[in-house]
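Comments concern the structure below.
Atoms within a ligand are numbered from 1 in the order they appear, just like the ligands themselves.
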Amino acid sequence: MAATRTQSIWMKAMGAPDPTVNPDAWNDMWEKRLAVDPMASSEDILIKEHVDQPQVLLSQIRYNTQHLCRHQQFLSLAATEAFQKGFESKWLNSSASVRSKHLLEGFVRSCIMNPDGEGDRLYCSDLTLAAMNKDKGAAFIRLLKKYIHTDSSKIPSTPLSYPSPKWNYKLEAAKANDKNSIATAVWEWVQLGRDLYICRFLVGTIGSFYNEPRPSPPIINSPRASGYGSYNHEVVKDLKKKVGKEAVKVIDREWKDSKKETVKFCERCLKSEGPETELFKQCSRCANEVQRKVFYCSAECQREDWKQHKKICGKELTLETAKSTAVPPSGLPLFPTPPNTDDESKQIGPPTGGFKRSAALTKQIEQLKERKGSDTDYILFSCNGKSHDVQIRKSETTLKMAFQDVRKAAFTKGDPKSVIHLAQYLVHHGAKLAGASLSTSEILDQLSSEFPGVEIRRGIDMLEAFISQDPLKRGKTAVDLDAELKEEQVHATLNDRDGQAKSKEILREQWDADGTTKLFESIVNGQMPVEASKKKIIKDIYDAVIGDGDMAHALKLMENMGL
Ligand SMILES: [Zn+2]
Ligand SMILES: [Zn+2]
């Protein structure tokens, strides 16, 4: 059984009102507490608690960064969708009491989504119902916009942050004094708690505004969240004295229960281990050398995370590595797979999730399938019915991949964001790539009939407004940006193949773990028959990794094979 608290153990033990039962009283309690600026007293406690266990704090920073990035992707998706439905004007035109109702529910939901994060409201003294209702509700919209990523198709690797106007100077002062000190780490951690709290509150408020049901309480514990052992710390003992014997009993019991229910998360894909998954593997070097629990759902995730994980594997964390290694760079595999433009990526699967294709879309897909083996990525039609093939050159591999990814999401799920990205790209480049003179409105009309459920024109306007806010991205389409990012990652991966001895050692370890060594051995020995040309490639790779063959040559072969 998973823990299903809706409030922090401490707050509950201290007799605070239950947010789900008595939200008004609960919020009043918090607003009164915030009015006396509790931050001033908690700073010293936090530093005292962590000064003798910096690794505990750094693990928390890493874990919270990971979660903040996930929250922000989710928030960006929810907010983009809400803005498409006209959220901003609906919100501003609501009465203050309606807005207050949703804001209060937003705070409650923030607590339900992460009961252990309830206390982080301490760091959000600027977030009161009155403050969020300022300027006829515009204050809330401004706060929301601080946390929206332009590209919500993947987990951002750096979170957006909104420092507290009240105490950000303390973080800045700590950094200026010593950017690696415990004080700096404590303030960074406090800032993460604040950002996490605000993001949950924003998601919760939007959800309430659109009458979505309350989220269910999460499975609370992860090895990294609960495995700190700081419960017996002096500071915690002091706190326990303050809350009284009865409360301590409750806290102790809940703490024990929560320990039993520790859930393993995959380091790379953040999936959690459950009855329907395989047993997760643990990184033994991390466990043995730094007592850090690192899990993987599969050998594949472990392999793909290695480029990132090697920076901290078996090593103590620093504030820099805790933050920079928190989120895998957008799920790109360690060895990038060259696009397979002939078969698989051309195959557009059946619609999923109840998505119904329009007649025009079905026609588009049928015609694309007829062009199998060609370079055609999309077909545009003039108003006289003449077809024009949009072809992205094969040499532009990352762009082609990015386009096909977006197209797939649009074709199979009808995902509105992907449809808009697709349309935006076709409006900007479609006619030129097809070598035809097509007007923007011809292209938009066609896409609107293919995806009648999506407000394409409006979506493109919003997307472009977002993109142009960032001066570096001016004039680019979402697909271009995606491709640029992928390109960067491919280069980073290629350049990172430093020190062949190291690659070899890494590969050996991975191969032993995932059975590749045995598989390749049986091919090389002839026990498992494969085509002669493939056998030659595998033998070269095998000889380099296991024996002393040419490693650079092997890496190139593997890259070509998409291994
Ligand atoms: Zn995984
Ligand atoms: Zn490790």
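- At a cut-off of 2.8 Å, measuring from the Zn ion (ligand 1), the protein N, O or S atoms that fall short of it are Cys266 SG, Cys269 SG, Cys297 SG, Cys301 SG, waters left aside.
- Taking the six-membered ring for Trp and the full ring otherwise, the centers of Tyr425 and His421 sit at least 6.0 Å from each other.
- Defined by atom type and a distance below 3.5 Å, a donor-acceptor pair is missing between the side-chain atoms of Ser181 and Asp178.
- A salt bridge does not link Glu320 with Lys311: none of the charged nitrogens is closer than 4.0 Å to a carboxylate oxygen.
- For the residue pair Ser76 and Tyr147, the shortest heavy atom distance occurs at OG-O, 3.8 Å.
- With no hydrogens or angles considered, no side-chain donor-acceptor pair links Arg508 and Thr517 at under 3.5 Å.
- In this pair, Tyr378 and Phe411 present their aromatic rings tilted. The plane angle is within the 30 to 60° band.
- When rounded to 10 degrees, the angle formed at the Zn ion (ligand 2) by NE2 (His309) and SG (Cys286) equals 100°.
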